[in-house]
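Chain letters run A, B, ... following the sequence lines, proteins first and then strands; every chain starts at 1.
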There are 2 protein chains.
Amino acid sequence: MSRPSSQAQEANPDALPKQHRTYSIGELARMFEVTPRTIRFYEQEGLLAPTRQGQKRIYREKDRVRLKLTLRGKRLGFSLAEIREVVEMYDAMPDGNARQLKRLLEILADKRANLERQLEDIRLMKLEIDDVDQRAREVLRQLGDDA
Amino acid sequence: MSRPSSQAQEANPDALPKQHRTYSIGELARMFEVTPRTIRFYEQEGLLAPTRQGQKRIYREKDRVRLKLTLRGKRLGFSLAEIREVVEMYDAMPDGNARQLKRLLEILADKRANLERQLEDIRLMKLEIDDVDQRAREVLRQLGDDA
DNA sequence: GACGAGGTTTACGTTAACGTAAAGTGCTTG
DNA sequence: CAAGCACTTTACGTTAACGTAAACCTCGTC
């Protein structure tokens, strides 16, 4: 248990400013339950751009957030290409020209519409799941009351 | 505008009992904006089971509903395998044994949890879209007031 | 009876999103 | 210094969900 002033980080993640923390690829992989391969692949696809220390990738808060958003997008069925489209424009925003910005607004409106449809889909699917559930329980009841 | 008593169906879909209507593969394809290939593929994957008239596929209401549900599931990111799992159990329900029914209830609970997570994901993603949208509009404003 | 519009089967091609394996680099620890 | 661990690159493999093409049937119609 000797740790005078070494840089052992992973033990207590909340112990430091959190804003200037860095992560290794393995750390991130464990945090989000994906493989390092997946993270490297996302980089190759232009969704992440970690810096290097020698040849090792160094991830900052910004990268972690991006990964989080990417995975969220994936869970909602967006393709990596779609996600990248937004991410790239977001990055280019500060000095983006008006055309690009308007295009970005279009994309955002599009995504929003998409989300609305998903909300409706979820609502409908819940109703049907309820229905199937009901029927299943009824059949179970008639098979004997030890449900 | 001659239509004495012929069987011209597609023109006015709501004109007949609707319950005993049948559909060709092309009709369904147009209704849902998919290709016939997709519909055949779903059959091959055990998601549809149309009857035949000669060698042509005949789809009934039941099949149409299934296709609708399948596509909805897809929009929510479920794989065809997952969708089939529910569909098959639903079909086997009337005479399904207790183990199967309980398994079905498990799957349903699982799907429900999945939907809940998606709801949360959508909520969060909407917030971020709003955020990006805001920023984009601000930058646009500063570039000149002709947004 | 040629033909065009729909349908059919068979089969190979394609894309996205990684998995997996091989071979090498660099630290630190017994 | 050998071993082990975490990381790296390169490259080929895999799966799901269709697309696409070819070659055939079967109507109603001109």
Side-chain angles (χ1 to χ4, degrees), chain A residues 1-11 22-60 63 66-67 69-85 87, chain B residues 2-4 6-11 22-60 63 66-67 69-85 87:
Chain A
M1 287 236 196
S2 65
R3 203 181 39 143
S5 70
S6 168
Q7 60 275 41
Q9 306 222 356
E10 204 163 355
T22 73
Y23 308 86
S24 75
I25 195 170
E27 275 178 285
L28 278 187
R30 266 163 293 168
M31 295 180 70
F32 292 102
E33 303 185 67
V34 297
T35 68
R37 173 68 173 111
T38 297
I39 298 181
R40 290 196 198 98
F41 181 72
Y42 289 173
E43 174 179 353
Q44 174 184 330
E45 294 298 300
L47 290 167
L48 298 174
T51 59
R52 298 288 180 121
Q53 212 170 80
Q55 88 170 336
K56 290 190 177 170
R57 293 170 172 82
I58 303 293
Y59 299 87
R60 330 252 157 166
D63 300 306
R66 274 222 184 159
L67 178 53
L69 296 182
T70 298
L71 294 174
R72 181 179 297 156
K74 278 226 61 189
R75 284 199 301 271
L76 292 178
F78 293 112
S79 73
L80 295 185
E82 290 175 301
I83 298 172
R84 181 184 44 208
E85 196 176 16
V87 164
Chain B
S2 67
R3 201 176 41 132
S6 168
Q7 62 272 48
Q9 305 226 355
E10 206 162 351
T22 73
Y23 307 87
S24 75
I25 196 170
E27 274 179 286
L28 278 188
R30 265 164 294 169
M31 295 180 70
F32 292 103
E33 302 186 66
V34 298
T35 68
R37 172 66 172 111
T38 297
I39 298 182
R40 290 196 198 97
F41 181 72
Y42 289 173
E43 175 179 353
Q44 173 183 330
E45 293 300 300
L47 289 167
L48 298 173
T51 59
R52 298 287 179 121
Q53 213 170 79
Q55 88 172 334
K56 291 189 176 172
R57 294 170 171 82
I58 302 292
Y59 299 87
R60 330 250 156 167
D63 300 306
R66 274 224 183 157
L67 178 53
L69 296 182
T70 298
L71 293 175
R72 181 179 297 155
K74 279 227 61 191
R75 284 199 300 271
L76 292 178
F78 293 111
S79 73
L80 293 184
E82 290 176 300
I83 297 172
R84 181 183 43 207
E85 196 175 17
V87 165

Inset, instruction - Indicate, yes or no, whether a donor-acceptor pair under 3.5 Å links the base of C:dT8 to the side chain of B:R57. - result: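 Answer is no: no donor-acceptor pair is held.
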Inset, instruction - Using only heavy-atom distances, decide whether a donor-acceptor pair under 3.5 angstrom links the side-chain of B:R40 to the base of C:dT9. - result: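 By the distance-only test, no, there is no pair.
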Nearest of [options] to any side-chain atom of [X]?
X: A:K74; options: C:dG7, C:dA17, D:dC7; result: C:dA17
X: B:T35; options: D:dG19, D:dA17, D:dT8; result: D:dG19
X: B:Q55; options: D:dT9, D:dC18, C:dG7; result: C:dG7

Ignoring backbone atoms, establish whether [X] has a side-chain N or O less than 4.0 Å from OP1 or OP2 of [N].
X: B:Y42; N: D:dA17; value: no
X: A:T38; N: C:dA17; value: no
X: A:S24; N: D:dC7; value: yes
X: B:R84; N: D:dA16; value: no

Spacing of [X] atom [atom1] relative to [N] atom [atom2], expressed in whole Å:
X: B:E45; N: D:dA16; atom1: CD; atom2: C1'; value: 9 Å
X: A:F78; N: C:dA16; atom1: CZ; atom2: P; value: 18 Å
X: A:Q53; N: C:dC27; atom1: CD; atom2: P; value: 11 Å
X: A:E82; N: C:dT15; atom1: CD; atom2: P; value: 17 Å

Legend entry - Name of the residue among B:R84, B:R66, B:R52 meeting salt bridge (charged side-chain N to carboxylate O under 4.0 Å, His left out) with B:E43: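 Of all the options given, the one that passes is B:R52.
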